[in-house]
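Everything below concerns the one structure shown next.
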Amino acid sequence: MGLRLTNTTSTYGWGAIILHWVIAILFIGQFVLGLAMSRVTSQRTAFELIQLHKSFGFLLLGLVVLRIAWRLGGVTPRLPPQTGLLERRTAPLAHFALYLFQVALPLSGWALVSASVLAIPSMPFGLFVMPNLPLGMSAGAEGFWLKAHSYLAYAGMALAALHVAAAFRHHFWLGDNVLLRMIAPSFGNGRRGAE
Ligand code: HEM
């Protein structure tokens, strides 16, 4: 069989897998970078780190739009038949919430720099100038978006932690292929999976 790009009802394809892991790394990496840049003492380093955080944030937003289009345009693998009713009900909600955070976090960051009275232009990886969102600039609005961005970041990480715990439970406790099928399309064969 050739390279499987799209999902089937029993496994993820490379398109969804690559987007999942690149976005997961960016999502967690942005959280770490966000904490680091607001704690360094050197103004110069803080400035550089913030520019990097903005660049990766715009990249993340672009990839998330692609990911949502990819998801809506294809099928999603079913949960293994032995999955309990509670998880059958909550897993789609958790995934939907994760998508919401993936959109809301970069957007709130974009709103924050757009409302900032410092008016520092955003240049993703120094390539071009990203226009600001049409929001009024004021210290009040900037403060609001900063709070929103930071609460969303903590809540997003808590949800991601729950998601990782669920994935590990499938792998180590239930012994099914739910984690493996997000690593390679054919990896899940031989373990209990979707029929
Ligand atoms: C080490 C970290 C992570 C692990 C081990 C992991 C594991 C998984 C696994 C096993 C699935 C497949 C679930 C299924 O087969 O039904 C999945 C799906 C998903 N993951 Fe993760 N994940 C991680 C990080 C993240 C992060 C940080 C995000 C959000 C930014 C995320 C968002 C999603 C979403 C939205 C889906 C649903 C995909 C779909 O069917 O549309 N994951 N993840």
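Numbering of ligands and ligand atoms starts at 1, following listing order.
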With a 4.5 Å cut-off on side-chain heavy atoms, are [Y] and [X] touching?
{"X": "V178", "Y": "R181", "answer": "yes"}
{"X": "F144", "Y": "L112", "answer": "no"}
{"X": "L60", "Y": "I23", "answer": "yes"}

### Query
Hey, is the main chain of L98 close enough, under 3.5 Å, to the side chain of Q102 for a donor-acceptor pair?
yes
### Query
Where the side chain of T83 meets the backbone of P80, is there a donor-acceptor pair that is under 3.5 Å apart?
yes
### Query
In H20, the N, O or S atom nearest to atom 21 (Fe) of ligand 1 is which?
NE2
### Task
Decide whether an N or O pair under 3.5 Å exists between T76 and ligand 1.
no
### Message
Tell me whether Y12 has any N or O atom under 3.5 angstrom from an N or O of ligand 1.
### Response
yes
### Task
Quick one: look up the protein heavy atom nearest atom 2 (C) of ligand 1 and list residue, atom name and how far away it is.
V164 CG2, 3.4 Å
### Query
What is the closest protein heavy atom to atom 19 (C) of ligand 1, and at what distance does it sit?
H163 CE1, 3.3 Å
### Query
Within less than 4.0 angstrom of ligand 1, does R67 place any heavy atom?
yes
### Query
Would W21 count as a contact of ligand 1 if the rule is a heavy atom under 4.0 Å away?
yes
### Task
Give the single entry among M182, R71, H95 that approaches atom 11 (C) of ligand 1 most closely by any heavy atom.
M182
#### Entry: Option nearest atom 14 (C) of ligand 1 (shortest heavy-atom distance, choices R181, M157, H171, Q30)
R181
### Task
Using the six-membered ring wherever Trp is involved, compare the ring planes of W110 and F58 and label them parallel, tilted or perpendicular (cut-offs 30° and 60°).
perpendicular
### Message
Please report the interatomic distance CG(L61) to CE(M130), rounded to the nearest 0.5 Å.
### Response
7.0 Å
